[in-house]
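First comes the structure, then the notes that go with it.
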Amino acid sequence: GCEQWARRGWGMPWIRPRRLLSRLLGLGTTVWLCRKVGCWVRSFGRLGALVLRFVHRGRPVHRVPDYGHLLLDALYPGRRPSPEAAQRARELAQESQTKDRVEEDALRLLGEAVLLSPPDPTLYLARTQVHTRLHQLVEALDDAELCVSLDSTCADAWLAKGKAERALGRAADAALSYQAGLRVDPDSAELRAEFAAVRAEPPPNLLRQLRDLVFAARLGLENLFRTVEDPEKTTDAFVESNRELLDAQLGLLAQTLRVNTAVLFESPMLCDAYEQIVYACAQLVAGAPAAFSTLLRNAPNVVEGLSLALRVGWHVHHSVPKLAANALVVLATCPNADDQLRRKAVRHLLGGMLRWLLDARPEPDREAEEVCGCSCAVPWKAAACFLERFFEPGRAPPWVREECEAWPDVAQLCQWLTLSVRDYHATPLGLVGLLQLPGVATAAMRSEAVVDFFIPTPPLDDEGDDEGEEEDEYDGRGQASVSSAHVLHFSRGFGGASSSSSPASGSRVTGEAAIPPPQPMIWTFFRSGRYIPSPTGSVPATSSSSPPEAASSGGAGSSGGRLLQEPSAPPAQRLGEWLMASVAYLFLFIDGDVLFSVCACRALQSMALADRDGDGVGRLLHSLWLGVPFLNKL
């Protein structure tokens, strides 16, 4: 019947049930495959962070502006170390290299040596070697970078820097470090061998990268990015219910956190992808620190990656390091987090804050948008905000206290933090919270270092004050460009300063305080690129001044208000006395903050009681800059 129907022309051979079904299935499969491929293609933009592992060789590298740090000769905020102090530092460094010396003890000796002679590059090279033996790669890279910045002709420093970068998975950066070392010492066999080994590593091919992108799409990283945007969804229960998937996702993201800066800074698209990955990891850590640290195997790699973001992030966007710092603060202070991992977070946070405080980039005219409760646009001010948050609960948890007291650079951290708080009116609670710890106070009082660090505060931009001043040079982002040639010191005659109040601290200089006779003025370079007058060894006060060329023996003029001389202070003190005098000065001039007054008194008490072998109270009284007004308020 079918054949007869077909012969008569009524049949259509292509309309058969089986063939029709197979064609429908084939069409459906094609549509499904096209949709999946379309999803993968759309994921290329969001998952561009994986391309950070591309290794570019032989291409010119675009570097972000390098503003330097306070240890450089041109930006050093005080007198250079004396020959006696430098010699004592070298003796401590030699003592740390004895065969029977424990590595942690060696770091303590080298930390004291750095306090005695901060600009000595050989000390940082020795510490890099100790950190490398302890497998503390981030700390080793920090000291190696400081060493090469202080002495770019040290081939051993370039070698140590390259080894640390290669161990962190940053092969492109390591290759550049080895090349810089070979330019200094072309005959170095070890540098040649390391450079050849890095060049011999095969770069990832296109097929491998496409496979990684497909794997990432299957992991659902887009869903993770959307989830962490809602803090209410990022909870311990969310981590526990998705632990296997999250562990695989974080394992992939942790690889991209170890980014080659030589590749990252070349492309704004890669910077955006890096910022997104740091945001996702930081939100997950801050939202569920307990479950993150105890349930996920890749948690240590993420913590190490966030510590690297503390260093790299300021060259990308100020939100990147702030997100990383906030995540580390939450993890370090979480009572239910894994003890080993939260202690590691404490050490990484302290090291990152020290690097922030040493940064010398100028402060822009406008504040940045608020990120994690901090609107500071420069790292040396943001460090005070996050250290205040770190000690915000009042009494530090036991593990935080133990790690802070055992950290070899804690006295150096207090020293540079004091500059930011005292001379730039950064938030002060982190400083006094740190000095309350008995071990920290003991390390500061025991130090033999003699310091006279002082960075003047910026002048008020009143009308007529800038006449005759040279215009500041600004880069494309509205920041003053700092040139080493401009960082000079000019000896001038006597001068005075106008009284003013600081909006950050509420301090006010009044005529009721006993004002000593005028002291010689020193013209010092400020981070914003302006010359500021300051008495030798004086305490900070907001002042309005004219440039060195226009200065006279009578001091700079002021538009309105009374002219007051700044109170004088000893030109140099031991670190313990210098810290006590600075805290006492802040206690005297910060009014209306009961919490700070209580914490400042506790810090002074801790430092006075820390000198058990000597006279801590006597050292406190002899170190005061404004003794009678301070005792009256006390």
Side-chain angles (χ1 to χ4, degrees), residues 36 39-40 43-44 46-53 135 137-138 167-170 204 208-259 273-310 312 320 323-349:
K36 296 299 291 184
C39 293
W40 294 339
S43 300
F44 270 82
R46 289 182 174 268
L47 302 176
L50 296 175
V51 188
L52 296 175
R53 290 179 292 172
H135 301 286
L137 301 178
V138 179
L168 287 170
R170 295 161 56 170
R208 171 70 178 276
Q209 291 157 2
L210 290 176
R211 187 168 67 249
D212 287 343
L213 288 175
V214 173
F215 179 65
R218 292 178 61 187
L219 287 178
L221 287 180
E222 290 188 1
N223 296 331
L224 174 63
F225 293 152
R226 285 193 295 266
T227 301
V228 297
E229 291 178 356
D230 187 359
E232 296 181 356
K233 295 181 180 179
T234 311
T235 60
D236 290 339
F238 167 75
V239 175
E240 186 174 2
S241 60
N242 300 276
R243 55 186 301 181
E244 295 297 333
L245 179 61
L246 284 175
D247 210 16
Q249 291 172 336
L250 290 180
L252 192 61
L253 297 180
Q255 298 178 23
T256 61
L257 290 176
R258 296 185 173 190
V259 56
Y274 180 74
E275 182 180 359
Q276 185 180 9
I277 290 177
V278 172
Y279 173 79
C281 294
Q283 289 293 95
L284 185 62
V285 175
F292 165 82
S293 60
T294 56
L295 300 179
L296 302 182
R297 297 187 302 272
N298 287 305
N301 297 330
V302 174
V303 171
E304 186 178 67
L306 291 176
S307 69
L308 292 173
L310 290 178
V312 178
V320 175
L323 288 167
N326 181 69
L328 292 178
V329 167
V330 174
L331 177 61
T333 55
C334 178
N336 299 323
D338 179 74
D339 185 66
Q340 184 177 0
L341 194 60
R342 68 187 178 189
R343 288 175 181 269
K344 183 178 180 180
V346 172
R347 295 191 296 270
H348 282 310
L349 180 67

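Counting begins at 1 with the first residue of the sequence.
In this structure, the separation between CG on L349 and CG on N326 is 10.0 Å, given to the nearest 0.5 Å. Q249 CD to F225 CZ: the interatomic distance, rounded to the nearest 0.5 Å, is 8.5 Å. How far CG of L224 is from CG of L245: 8.0 Å, rounded to the nearest 0.5 Å. Distance check: D236 CG to N336 CG gives 8.0 Å after rounding to the nearest 0.5 Å. Annotation: the span from E304 atom CD to N298 atom CG amounts to 12.0 Å, rounded to 0.5 Å. Here OG of S293 is found 8.5 Å from CZ of R342. Values are rounded to the nearest 0.5 Å.
Contact record, V239 with F292: CG1-N, 4.2 Å, taken as the closest heavy-atom pair. Nearest approach of P231 to E229, heavy atoms of both residues: CD-O, 3.5 Å. For the pair L331 and A345, the tightest heavy-atom approach, listed with the atom from each and the gap, is CD2-CB, 4.0 Å. Between T234 and V228, the shortest heavy-atom distance links the atoms OG1-CA, 3.5 Å. Between V346 and A332, the shortest heavy-atom distance links the atoms CG2-CB, 3.5 Å. Minimum heavy-atom separation, L257 to L306: CD1-N, 4.3 Å.
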Would E240 and L295 satisfy side chain to side chain contact (heavy atoms under 4.5 Å, CB included), going step by step from the backbone distance to the final call?
-> CA-CA 7 Å; E240 186 174 2; L295 300 179; 3.9 Å; yes
Side chain to side chain contact (heavy atoms under 4.5 Å, CB included) between V302 and L284, worked out = CA-CA 10 Å; V302 174; L284 185 62; over 6 Å; no
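With salt bridges taken as basic N to acidic carboxylate O contacts below 4.0 Å, none links R243 and D247.
Here the side chains of L323 and E275 are not in contact, with every heavy-atom distance at 4.5 Å or above.
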